[in-house]
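Comments concern the structure below.
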Amino acid sequence: MNNNTPYHTPVLLTQSIEGLNIKDNGTYVDVTFGGGGHSREILKHLGKNGRLYAFDQDADALNNTIDDERFTLIQQNFKYLRQYLRFYGVTQVDGVLGDFGVSSHQFDVAERGFSTRFEGTLDMRMNQQAPLSAQEVVNEYGEIELTHIFFQYGELKNAKAIARAIISYREQKPIRLGSELQEAVKALLPKFKENKVLAQIYQAIRIEVNAEIEALESFLLQLPAVVKPQGRISLISYHSLEDRCVKRFIRDGQLEGAPEKDWYGNVSVPFKKVGGLITPDDTEIAQNSRARSAKLRIAERLNS
């Protein structure tokens, strides 16, 4: 990668930081550190007694760590949020920020296998030590499993046909490279929409490899215990599966079933939304095309 290329351009930077309503001496968590753009902005708003903890499971992100005594970078998946905060003696915080997109760095390094633009081995692991890579998914999953991930995570109507095409191809030789995966499914890519559908196929495999939805759900369900009353969450999603989880959690306080009610029948939820859905404006999208699908939702912890 070109050394002059930014590791990751933070999306909705101003809006997401303002949404946290940062207290000078508060304690905050950035659960998706990446290139550190959001973390650096949070630190600008903190006083000398403020604290910021950041999470990132990608070893490459460690190269971006911030030399600041108020800052701690934890190399772990954010699904372990509560566990690792306790390790550092923190039980509750004043705010949590999450930007759930794949970093520009991950997309731009060919050998990571995240992008359709480069030739490279199929990997797609955010944690490079994890045992499951994209190669295992496309070469070892059966038709039912592949159909499920393409339908659920890629939202592809022809999921079964895609699964069958991959299985047919791999019967001749293993699928190791991005170009081989693209060759396997090329007959199913609609004209003029090839890149869009291919991106959906890659997205589905990536979500499966990294168990992204399970991690997000686990993280969200920890927030009522982790965030102090009047504390804020500022969460940026990039595809409808993530956004539906975030929206429903803020609205209902849970991810399935009806929201809890008190003795009087009133809905009892831990957070209330702050403002409406925030999306990037045309200027930001022009400067950073990867921001175009971003959706920011902000909520505040109610008194329990």
Side-chain angles (χ1 to χ4, degrees), residues 32 56-61 76-80 100-190 193-219 237-242 244-245 290 293:
T32 49
D56 205 301
Q57 62 183 324
D58 190 337
D60 287 355
Q76 288 292 339
N77 189 306
F78 55 67
K79 69 182 179 182
Y80 301 117
F100 303 118
V102 179
S103 75
S104 302
H105 171 76
Q106 289 167 332
F107 271 129
D108 290 341
V109 176
E111 57 266 29
R112 299 296 297 272
F114 284 97
S115 176
T116 62
R117 295 180 294 124
F118 306 115
E119 176 63 299
T121 55
L122 284 171
D123 192 313
M124 301 193 195
R125 291 174 297 172
M126 292 180 176
N127 176 357
Q128 293 162 291
Q129 304 304 312
L132 182 68
S133 77
Q135 285 192 31
E136 282 73 47
V137 171
V138 299
N139 287 294
E140 298 175 12
Y141 277 31
E143 182 182 322
I144 292 174
E145 294 171 296
L146 287 172
T147 299
H148 172 77
I149 69 168
F150 291 131
F151 184 76
Q152 292 292 328
Y153 301 154
E155 299 179 293
L156 291 156
K157 293 180 180 178
N158 62 339
K160 182 176 285 189
I162 293 169
R164 286 177 173 172
I166 288 172
I167 291 171
S168 176
Y169 187 97
R170 79 191 193 196
E171 286 174 349
Q172 307 306 314
K173 67 171 187 174
I175 300 172
R176 304 296 186 196
L177 304 173
S179 59
E180 292 169 340
L181 174 60
Q182 294 175 35
E183 177 70 20
V185 301
K186 71 176 184 179
L188 298 170
L189 303 177
K193 291 185 178 179
E194 295 94 338
N195 290 337
K196 180 178 184 294
V197 174
L198 200 56
Q200 288 173 275
I201 292 171
Y202 269 58
Q203 172 184 292
I205 296 169
R206 190 201 78 225
I207 290 173
E208 174 68 13
V209 166
N210 297 289
E212 292 177 32
I213 301 303
E214 293 91 334
L216 176 61
E217 291 177 344
S218 175
F219 159 74
S237 304
Y238 291 83
H239 56 76
S240 57
L241 292 171
E242 289 174 339
R244 280 199 294 269
C245 287
R290 289 172 180 156
S293 57

Test item: [X] side-chain N/O and [Y] main-chain N/O as donor-acceptor pair under 3.5 Å:
X: Asn210; Y: Met126; value: yes
X: Thr121; Y: Asp123; value: no
X: Gln57; Y: Phe78; value: no
X: Glu143; Y: Arg164; value: no
X: Asn139; Y: Ile175; value: yes
X: Gln172; Y: Tyr169; value: no

Answer with yes or no whether the side chains of Ser179 and Gln182 bring together a donor and an acceptor at under 3.5 Å. no
Within this structure, what is the [atom1]-[atom2] distance for the pair [X] and [Y], rounded to the nearest 0.5 Å?
X: Ile205; Y: Ile149; atom1: CD1; atom2: CD1; value: 6.0 Å
X: Glu183; Y: Leu177; atom1: CD; atom2: CG; value: 12.0 Å
X: Arg170; Y: Gln135; atom1: CZ; atom2: CD; value: 13.0 Å
X: Asp56; Y: Asn127; atom1: CG; atom2: CG; value: 9.5 Å
X: Lys160; Y: Ile144; atom1: NZ; atom2: CD1; value: 8.5 Å
X: Leu216; Y: Ser237; atom1: CG; atom2: OG; value: 6.5 Å

Do the side chains of [Y] and [X] get nearer than 4.5 Å, heavy atoms only?
X: Leu156; Y: Val197; result: yes
X: Leu181; Y: Ile166; result: yes
X: Ile213; Y: Leu241; result: yes
X: Tyr202; Y: Met124; result: yes
X: Asp58; Y: Gln128; result: yes
X: Glu212; Y: Glu242; result: yes

Carefully, step by step, assess Val137 and Leu146 under the rule side-chain contact (heavy atoms from CB on, under 4.5 Å). CA-CA 8 Å; Val137 171; Leu146 287 172; 4.1 Å; yes
Distance-minimising heavy-atom pair for [X] and [Y]:
X: Ala204; Y: Gly154; value: CB-N, 3.6 Å
X: Leu188; Y: Asn158; value: O-ND2, 3.8 Å
X: Gly142; Y: Ile167; value: C-CD1, 4.1 Å
X: Ala165; Y: Ala184; value: CB-O, 3.5 Å

Not counting sequence neighbours, which residues clear salt bridge (charged side-chain N to carboxylate O under 4.0 Å, His left out) with Lys173? List them please. Glu180
Sequence neighbours excluded, the answer for side chain to side chain donor-acceptor pair (under 3.5 Å) partners of Tyr141 is Glu208
Going by side-chain contact (heavy atoms from CB on, under 4.5 Å), name the residues that satisfy it together with Ala159, two or more places apart in sequence or in a different chain. Thr147, Phe150, Phe151
Under a 4.0 Å N-O cut-off, is there an ion pair linking Glu214 with Lys79? no
